[in-house]
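Okay, so here's the structure we're looking at.
As the structure is a prediction and not an experimental result, all values here were calculated from the model.
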Amino acid sequence: MSQLTLNLVEGSVSFSFTPQAARSLQAQIAELMESLKAVAAKASAGGAGKATRQKSMEYRYTGEVFFEMECNPNIWPSPFAAKVLITVRDERIRLTTEAELTRAIEDLNQYLEQVG
């Protein structure tokens with residue numbers, strides 16, 4: 001199992017992650033990006049009418065550690081401004097912090113390139 005390193009707003013976190021889990025996370029992020037684009041398009045169209053609430057992304061993975069990534073697309077003006085809430089924990093430690101969505105996508109793509 002390879003290490004996924006996510007660069008945070010300050011610092012980074014690395015943990016064991018499987019290629020299958022990475023592809024699953026990548027698919028959920030792709031759906032999140034569509035939701036973020038829908039919110040941004042509605043806002044740029046002047047916000048006429050009631051905006052359709054987009055579903056939040058909640059990804060969970062349990063391996064050597066529990067990893068969770070969450071994002072509410074309704075609170076960000078664009079995909080480039082969006083941040084994700086990341087939790088990494090095991091029985092001894094818990095880390096909860098934010099990361100930029102675009103940076104998390106880059107980190108995930110780099111991981112997938114490394115593991116093939």
Side-chain angles (χ1 to χ4, degrees):
M1 197 176 316
S2 299
Q3 293 279 310
L4 170 63
T5 299
L6 293 172
N7 290 287
L8 310 171
V9 174
E10 290 187 25
S12 64
V13 63
S14 298
F15 52 92
S16 295
F17 204 56
T18 66
Q20 305 91 289
R23 285 187 281 279
S24 175
L25 176 55
Q26 193 175 43
Q28 286 202 19
I29 288 175
E31 288 178 28
L32 172 64
M33 289 297 285
E34 292 306 311
S35 296
L36 285 160
K37 289 175 185 172
V39 170
K42 185 71 173 171
S44 68
K50 184 160 171 41
T52 305
R53 291 210 37 91
Q54 298 293 319
K55 184 174 170 258
S56 292
M57 180 196 84
E58 294 180 6
Y59 174 84
R60 290 181 178 87
Y61 167 79
T62 304
E64 287 183 21
V65 296
F66 173 82
F67 165 64
E68 182 176 58
M69 182 182 285
E70 300 176 66
C71 183
N72 179 349
N74 301 295
I75 62 174
W76 301 105
S78 78
F80 304 104
K83 291 189 178 169
V84 290
L85 180 65
I86 293 174
T87 300
V88 178
R89 67 176 162 85
D90 66 11
E91 64 277 352
R92 295 169 304 220
I93 191 168
R94 176 187 186 102
L95 169 72
T96 302
T97 189
E98 279 188 333
E100 296 171 347
L101 176 60
T102 53
R103 184 66 224 215
I105 292 169
E106 290 173 19
D107 294 340
L108 189 59
N109 290 341
Q110 183 177 354
Y111 169 85
L112 285 167
E113 285 175 19
Q114 288 174 352
V115 297

(message) Any heavy-atom pair between the side chains of L95 and I93 that's under 4.5 Å?
(response) no
(message) Do V39 and L101 land in one hydrophobic cluster if side-chain heavy atoms of ILVMFWY residues count as linked below 4.5 Å?
(response) no
(message) Between V115 and F15, is there shared hydrophobic-cluster membership here, with clusters defined by ILVMFWY side-chain heavy atoms closer than 4.5 Å?
(response) yes
(message) Filter on salt bridge (Lys or Arg N to Asp or Glu O under 4.0 Å), then keep only pairs touching residues 107-116, sequence neighbours left out; what's left?
(response) R103-D107
(message) As an exercise, state the distance from CD of Q110 to CD1 of I105, rounded to the nearest 0.5 Å.
(response) 14.0 Å
(request) Group every Ile, Leu, Val, Met, Phe, Trp and Tyr by side-chain heavy-atom contacts under 4.5 Å, then state whether L6 and F66 land in the same group. (result) no
(message) My understanding is that only residues two or more places apart in sequence, or in another chain, count here; which of them pass side chain to side chain donor-acceptor pair (under 3.5 Å) with T5?
(response) S14
(request) Give every residue pair that meets the salt bridge (Lys or Arg N to Asp or Glu O under 4.0 Å) criterion with at least one member in residues 88-97, sequence neighbours excluded. (result) D90-R92
(message) Testing the basics here: between A22 and Y111, what is the closest heavy-atom pair and its distance to 0.1 Å?
(response) CB-CE2, 3.5 Å
(request) Can you tell me which residue pairs pass the side chain to side chain donor-acceptor pair (under 3.5 Å) test with a partner in residues 20-31, sequence neighbours excluded? (result) Q26-N109
(request) List in chain and number order the residues that pass ring pair (Phe, Tyr, Trp, His ring centres under 6.0 Å) with Y61, two or more places apart in sequence or in another chain; answer none if no residue qualifies. (result) F17
Output a table of donor-acceptor pairs, distance under 3.5 Å, between side-chain atoms of residues 70-79 and any protein atom two or more places apart or on a different chain; print 'none' if there are none.
| from | atom 1 | to | atom 2 | distance (Å) |
| --- | --- | --- | --- | --- |
| N72 | OD1 | N74 | N | 2.9 |
| N72 | OD1 | N74 | ND2 | 3.0 |
| N74 | OD1 | Q54 | N | 2.8 |
| N74 | ND2 | Q54 | O | 2.7 |
| S78 | OG | F80 | N | 3.3 |
| S78 | OG | A81 | N | 3.3 |

(request) Kindly write out the residues that satisfy salt bridge (Lys or Arg N to Asp or Glu O under 4.0 Å) with E58, not counting sequence neighbours, or none if the list is empty. (result) R60
(message) Tell me every residue that passes side chain to side chain donor-acceptor pair (under 3.5 Å) with Q3, counting only those two or more places apart in sequence or in another chain.
(response) S16
(request) Measure the OG1-CD distance between T62 and E68 for me, rounded to the nearest 0.5 Å. (result) 9.5 Å
(request) Taking all non-hydrogen atoms of both residues into account, name the closest pair between A99 and N7 and its distance. (result) CB-O, 3.9 Å
(request) Please round to the nearest 0.5 Å and tell me the distance separating atom CD1 of I86 and atom CG of L8. (result) 5.5 Å
